[in-house]
Every structure is written in structure tokens, then in C-alpha cells.
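Note: hydrogens, waters and symmetry copies are ignored here, and every other heavy atom, side chains too, is used.
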Amino acid sequence: IRQIVDINISKDKLTIKTQKDEGWYEKTTELEYEGEPLRFRVDIDALENVLKRTCNFELYEKFLVFYDDNLEYVIQLMN
């Protein structure tokens, strides 16, 4: 079963929310960020695999692109 997580990034705050068999899980942590708020949903396994390879990313108006020399992973942002 694919597990989808909601990621919300706002000024100095990162919130991750997902549903498990036991109910909803939500974790908020501090983050150094002062840009526009971001919200996206992503398969947790896919995100984990990307973050094992790179933390480099570029933010576009509607996309977040993680990259390294051999990888480009695009996440569409939600309004």
C-alpha cells in the first residue's frame, strides 16, 4: 500500500501529516524558511529515496525539483 504524506512548509515551520491504520499522524518542526508557503503531497517511499540521494532542489512557481548529476524528481505544488 502506498503511503502518501502531506507536506506543508511555511515561515520557519515544516508540518508533515499522514494517515496510518491507527489514525492520523502529524509532526511539526522548526525550519529556516522565509519564502512563500508550500504544500504538496508525495509518496513517502519516493520522497525517502530521493532524499537519500540529494537534498538539492529548485523551487519554481508550481513545481519543486530535486536534482543531482543523475536524477531529477519533480513534485507539483498544490494551491
Side-chain angles (χ1 to χ4, degrees):
I1 298 173
R2 292 179 57 200
Q3 185 175 355
I4 304 297
V5 294
D6 291 313
I7 310 272
N8 289 290
I9 302 172
S10 57
K11 184 176 184 327
D12 299 327
K13 184 170 72 171
L14 167 68
T15 302
I16 298 172
K17 184 176 180 181
T18 189
Q19 186 172 13
K20 295 185 168 196
D21 293 336
E22 304 84 32
W24 284 95
Y25 170 81
E26 185 171 324
K27 173 74 174 175
T28 300
T29 188
E30 292 181 9
L31 173 74
E32 289 186 33
Y33 179 76
E34 295 189 18
E36 291 294 316
L38 303 175
R39 180 174 176 231
F40 58 94
R41 300 180 85 195
V42 63
D43 179 289
I44 189 66
D45 293 328
L47 182 61
E48 182 178 36
N49 288 334
V50 168
L51 293 175
K52 285 179 183 176
R53 294 180 62 171
T54 184
C55 289
N56 297 320
F57 68 91
E58 291 185 19
L59 175 62
Y60 297 92
E61 184 176 337
K62 296 188 180 207
F63 298 95
L64 185 62
V65 180
F66 288 89
Y67 63 90
D68 68 10
D69 292 336
N70 302 311
L71 169 77
E72 192 168 277
Y73 183 79
V74 179
I75 298 173
Q76 183 174 357
L77 303 176
M78 300 165 55
N79 294 334

ring-ring contact (aromatic ring centres under 6.0 Å, His included) partners of residues 26-62, not counting sequence neighbours, each pair once: Phe57-Phe66
When rounded to the nearest 0.5 angstrom, what is the spacing between [atom1] in [X] and [atom2] in [Y]?
X: Leu14; Y: Ile7; atom1: CG; atom2: CD1; result: 6.0 Å
X: Leu59; Y: Ile75; atom1: CG; atom2: CD1; result: 11.0 Å
X: Tyr73; Y: Leu51; atom1: OH; atom2: CG; result: 9.5 Å

What pairs with [X] under side-chain hydrogen bond (donor to acceptor under 3.5 Å, both in side chains), at least two apart in sequence or on another chain?
X: Arg41; value: Asp6
X: Asn49; value: none
X: Asn56; value: Thr54

Is it possible for you to say whether [X] and [Y] belong to one hydrophobic cluster, with membership spreading through side-chain heavy-atom contacts below 4.5 Å?
X: Tyr67; Y: Leu64; result: no
X: Ile4; Y: Leu38; result: no
X: Ile44; Y: Val42; result: yes

Just jot down the side-chain contact (heavy atoms from CB on, under 4.5 Å) partners of Glu36, sequence neighbours excluded, or say none.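 If we apply the side-chain contact (heavy atoms from CB on, under 4.5 Å) test to Glu36, skipping adjacent residues, there are no hits.
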Qualifying side chain to side chain donor-acceptor pair (under 3.5 Å) pairs with a residue from residues 7-19, counting only residues at least two apart or across chains: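 Pairs touching residues 7-19 that pass the test: Gln3-Thr18, Thr15-Thr28.
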